Amino acid sequence: MKSIDIRKSFLAFFESKQHKIVPSAPMVVKNDPTLMFTNAGMNQFKDLFLGNTPVVNSRVADTQKCLRVSGKHNDLEEVGHDTYHHTMFEMLGNWSFGNPSGISKGYFKKEAIGYAWELFTKVYGIRQDQLYVTVFEGDKQDGLSADTESYNIWKQYLPESRILLGSKKDNFWEMGETGPCGPCSEIHIDIRTSEEREKIPGNELINKDHPEVIEIWNLVFIEFNRLANGKLMPLAAKHVDTGMGFERLAMVLQGVRSNYDTDIFAPIINEIAKLAGISYGQIKESDIAMRVMADHVRAVAFAIADGQLPSNNGAGYVIRRILRRAVRYGFTFLNFEEPVLYKILPVLVEEMGDVFPELKSQSNFISQVIREEEVAFLRTLDHGIKKFDKYIETHPDKKQIDGDFAFELFDTFGFPIDLTQLIAREKGITIDMEGFAKGLNAQKTRSRNAAEIDAGDWITVREQDNPDSYHEDFVGFQLLETITNIKKYRKVVSSKKTSYEVILGTTPFYAESGGQVGDRGTLSSGNETLQVIDTKKENNQIVHIVTSEPQFPESELLAKVDEKKRKLTTANHSATHLMHAALRKVLGGHVEQKGSLVNEDKVRFDFSHFSKMTGSEIKEVERIVNNQIRENISGDIKQDIPMADAQEMGAIALFGEKYGDKVRVVSFNPDFSVELCGGTHVVSTGNIGFFKILSESGIAAGVRRIEAVTGEKAEGHVYNQVETLNSIKDLFKNQPDTLLAVNNVIDQRHRLEKEIKNIQKKQALQTADSLINSAEVISDIKFVSSKTNLEFNQAKSLAQKIRSSGENIVTILSTQNNEKINLIISISDKLVASHGLNAGDIVKEISHYISGSGGGQPFLATAGGKDASGIEAAFDAARTLIK
RNA sequence: GGGGGAUUAGCUCAGUUGGCUAGAGCGUUUGACUGGCAGUCAAAAGGUCACCGGUUCGAUUCCGGUAUUCUCCA
């Protein structure tokens, strides 16, 4: 069975069981500080389990792209070395959400187990004697008895010898420290040959990390909530949450021994092998490298498709690290010294583009980004190798490389430590790995300490009035001030400052989201006024950051948004939408938003586009936007409409929304700009006033950035420009062609500068000549002394000139600028050699005459002081010294 | 968010106890050789040593700040 059919029949099977098939959520997580990437199928349904979002469909199934590279599940360094670890994988899952309020009723253990068995044995035709299941054995500490209910259900399907009891570690699933949890039942499969199976029975190898006796499907029965005190509380509604690794399933169904041998990976591996000119399955190291590259290119491509570009911090840094790991393996074991990963992309798109259209639609962009990253990292590697070679050259006797140096290479120049080890080994040297680890640990502690934020416990002032309220506490679309009260607050201490976070009952404050910055303002009761310096969103709550601790948290208070800031920001946000639409019109439909920042001062907008915008393109965008502003189009905002309706309206879909999200659609002229957006917007476009682009620049491969301003700011900018131009015209006596006039002046200046330089050179030569001619002769040495009115540097080069004139000559010059006196002594090279004269020594002897000090080299030395009356005496002293 | 680097000719980079008048390769221009091109040889042009301040007789070099950028950690 082909992988594409495996996926299809999974979804079709559950559709036939009245499940709603939903698309995969984006792999990149937004607005959840605890999670960077989707790492399990249930992530997008977290709010349903927690009861924060109402259930629409009780039965849901999907395939979810997951990435496991950070936090609790970090498989990155394992990938490639075995045949089953992955960074990115697909998780097939079916769900039942307790409240049977939707189109079909929910279910629990009986159906979940029945469906699983039916799918495996009837649809996929897996041999029953290969299957084992595990059931939760109970736990004394939690006061839980064994899951006999599941056990009894399984008994209907398979003999008890293949039903095993498992401990809390394997068979009790928890989302985190706290939250929904429950017992789970896993299905394992034994795909060993029959001889091997006779030697050791399969049930002895369950959960023993055997590569061919593996867990394939986990059925979780969520029925408890783990409280902060560690106690379990039964949930009112029970849920089913299942997850099955797609790649593993494909391996089983295709009868191969490795995930990488399935048709999901084989075409990619083949392509890599072709490019490397080495076939897969020949050499252990190159096989590992091919698996690494095949896995990582998938992960990176999907991440970029979901809007996460490689960068140097946060989630972007994780993506960069994955990509670099792939480059490193290719570089070391497959001799790829030129970018190559981007060449694999077409194969990937061919294989997966139909199931994940986001991959196909952006394939050009993705491959550009990957290529650029590859080039950059290969350059880093090259630099590192040079540094390393130089170190070896300057430390030829070292048998062990300092840990400090290895760490510097890694930390500052990004050169991977395992490569350093490899190169060192080739040269028969070792590395002080302890020293390296010490440096790394020091760096980690430093970072942790700096990043430490000490958040105090929430102080609850009043219980939430309505626990079922979702986003209803935000009233800021209509109101800029309202009477409200504090629900809870806490103190937050970071390395630099202390602040307080306040959650209100209802609030007019807009929390930072979708690029629009959070509101500022005040919370005032009769007794005190708290300054709100920022507003953020955390776990669906609106957090007001205030500078001082509420002294009267019980009081009713007036929450008031800084109106000026909000208005300016709002105008900028609406202008961003108009600009986005205009960019698509002018440049084409490939323009997609890659990030934005909207505050009261300006708009910063990043978008995908491949080349620098021309002047006329920028002008055209400005023209279109300003046209739309003058049309004074009313904004049309539709709250809480289903995603499908929004798409119907032609809304520009961003990186995908989570399942079940009702979206908000903002449009200015349905034929021009329709976007999904949660931000604030002007009533009609005329309020924006005026729009002006300040700059357009590139920030990454295929990503451009525009900075623009609106209203008064834009006006001010134009006035400034015009004023500057007018002043320039004035200076040029209003010549008809100002540009030409300026150009002429620049040209002229250039010519004159050259001429002056020439004249100065000539003059200096003449001065040098006349000084040489007027030199005193002291035995076989010529001696020149002269007070000059030159600049210090000019005098210095004059002294140099005389020195290199070929004569045996000692020169001493003085300069005087303001209060400052300088002496310069030069001695021709021959004299330095034959007479042992040293200008540095002389200058030290005589500098006290001008109340100063000095120094230099044997052939040229300088001194500085303040006493002009001593110059003659200094000259005399120098004269005596050379005799 | 924290740490460490980097910024020198159009490009890639050298430049240590602060001090020769700041260099190389490639590229550019010119000339010579050649019927022409490629090529070889010769020469020239091209630098506010990122910016601002400080220390010093003297700063590309040392110190502080700013900008840009790379990199590691979180």
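Here is how names work: the chains are called A, B, and so on, in the same order as the sequence lines, proteins then strands, and each is numbered from 1. Values in this document were obtained by computation on a predicted structure and should not be read as measured data.
- A/Gln443 contributes a side-chain N or O that forms a donor-acceptor pair with the base of B/G2 under 3.5 Å.
- Within 4.0 Å (heavy atoms only), A/Gly864 reaches sugar-phosphate atoms of the nucleic acid but no base atom.
- For the OP1/OP2 pair of B/U12 and a distance below 4.0 Å, the side-chain nitrogens and oxygens of A/His383 include no atom meeting the criterion.
- One interatomic measurement links the two molecules: CG of A/Leu860 to P of B/A59, which rounds to 13 Å at whole-angstrom precision.
- What separates NZ of A/Lys387 from C1' of B/A14 is a distance of 12 Å, to the nearest Å.
- Each of A/Phe859 and A/Gly865 lies near RNA chain B, and the nucleotide nearest A/Phe859 is the one positioned closer to the 5' end.
- Separation of the P atoms belonging to B/A42 and B/C26 is 11 Å when rounded to the nearest angstrom.
- Per the geometry, CG belonging to A/Asn793 stands 15 Å off C1' belonging to B/C20, to the nearest Å.
- Under the ring-ring contact (aromatic ring centres under 6.0 Å, His included) criterion, A/Phe413 pairs with no residue, sequence neighbours left out.
- B/G47 and B/C13 have their C1' atoms separated by 15 Å, given to the nearest Å.
- Here, B/G10 and B/U56 have their C1' atoms 35 Å apart, quoted to the whole Å.
- No engagement by A/Thr445 is indicated, since no non-hydrogen atom pair under 4.0 Å with the nucleic acid exists.
- Here A/Thr412 does not reach the OP1 or OP2 of B/U71: none of its side-chain N or O atoms lies under 4.0 Å away.
- Scanning for salt bridge (charged side-chain N to carboxylate O under 4.0 Å, His left out) contacts around A/Asp418 gives A/Arg328, with sequence neighbours left out.
- Shown here is A/Gln400, whose CD atom has more than 12 heavy atoms of other residues, nucleotides or ligands within 6.0 Å.
- The interatomic distance linking A/Lys866 (NZ) with B/U56 (P) rounds to 10 Å, in whole Å.
- At least one side-chain nitrogen or oxygen of A/Arg324 sits closer than 4.0 Å to the OP1 or OP2 atom of B/C72.
- The existence of a salt bridge linking A/Glu696 and A/Arg705 is excluded, since no basic side-chain nitrogen approaches an acidic carboxylate oxygen closer than 4.0 Å.
- Using a 4.0 Å heavy-atom cutoff across all strands shown, A/Lys801 reaches no nucleic acid atom at all.
- Regarding A/Phe413, its CZ atom lies at a distance of 7 Å from the P atom of B/A6, rounded to whole Å.
- Taking the side chain of A/Arg446 as heavy atoms from C-beta on, and the options B/G3, B/U71, B/C72, the nearest nucleotide is B/G3.
- The partner of B/G1 is B/C73, judged by Watson-Crick or G-U wobble contacts that both fall below 3.5 Å.
- A gap of 46 Å separates the C1' atoms of B/C57 and B/G31, to the nearest Å.
- For A/Asn773, the CG atom is densely surrounded, since the number of other residues' heavy atoms within 6.0 Å is greater than 12.
- At a threshold of 4.0 angstrom between heavy atoms, the contacts of A/Gly856 include nucleobase atoms, whether or not backbone atoms are also involved.
- The separation between A/Glu373 atom CD and B/U71 atom C1' is 12 Å, rounded to whole Å.
- A gap of 12 Å separates the P atoms of B/A59 and B/C49, to the nearest Å.
- The phosphate of B/G58 (OP1 or OP2) has a side-chain N or O of A/Lys820 nearer than 4.0 angstrom.
- Under 3.5 Å, the side chain of A/Asp411 and the base of B/G3 form at least one donor-acceptor pair of N or O atoms.
- Note on A/Lys390: only backbone sugar-phosphate atoms sit closer than 4.0 angstrom, heavy atoms only; bases stay farther off.
- Nucleotide B/A44 forms a pair with B/U28, judged by Watson-Crick or G-U wobble geometry with both contacts under 3.5 Å.
- Spacing of C1' atoms, B/C20 relative to B/G58, comes out at 14 Å, to the nearest Å.
- A donor-acceptor distance shorter than 3.5 angstrom exists from the side chain of A/Ser828 to the backbone of A/Ile809, with no hydrogens or angles considered.
- Using N1 to N3 plus N6-O4 or O6-N4 for Watson-Crick, or N1-O2 and O6-N3 for G-U wobble, each under 3.5 Å, B/C13 pairs with B/G23.
- Across all strands shown, B/U61 remains unpaired; no Watson-Crick or G-U wobble contact has both distances below 3.5 Å.
- When distances run from any side-chain atom of A/Ser447 to the nucleotides B/G1, B/G5, B/G58, the shortest one goes to B/G1.
- Separating the P atom of B/A24 from that of B/G5 is a span of 30 Å, rounded to the nearest Å.
- Summarising the geometry, the separation between CD on A/Glu408 and P on B/C72 is reported as 14 Å, rounded to the nearest angstrom.
- Residue-level contact check: A/Arg320 touches the backbone only, with heavy atoms under 4.0 Å from sugar-phosphate atoms and none from bases.
- Between the NZ atom of A/Lys444 and the P atom of B/G4 there is a distance of 19 Å, given to the nearest Å.
- Formation of a donor-acceptor pair under 3.5 Å by the A/Asp402 side chain with backbone atoms of A/Phe405 is not found in this model.
- Judged by closest nucleotide on RNA chain B, A/Ala861 is the one of A/Ala861 and A/Ser853 placed further toward the 5' end.
- Checking B/U34 for Watson-Crick or G-U wobble geometry (two distances, each under 3.5 Å) identifies no partner in any strand.
- Look at the C1' atom in both B/C52 and B/A43: the space between them is 40 Å, to the nearest Å.
- The ring of A/Phe410 has its center closer than 6.0 angstrom to the ring center of A/Phe436.
- Among the protein residues, A/Thr862 comes within range of the nucleic acid bases, having at least one heavy atom under 4.0 Å from a base atom.
- Remark: B/A50 base-pairs with B/U66. Criterion, Watson-Crick or G-U wobble with two distances under 3.5 Å.
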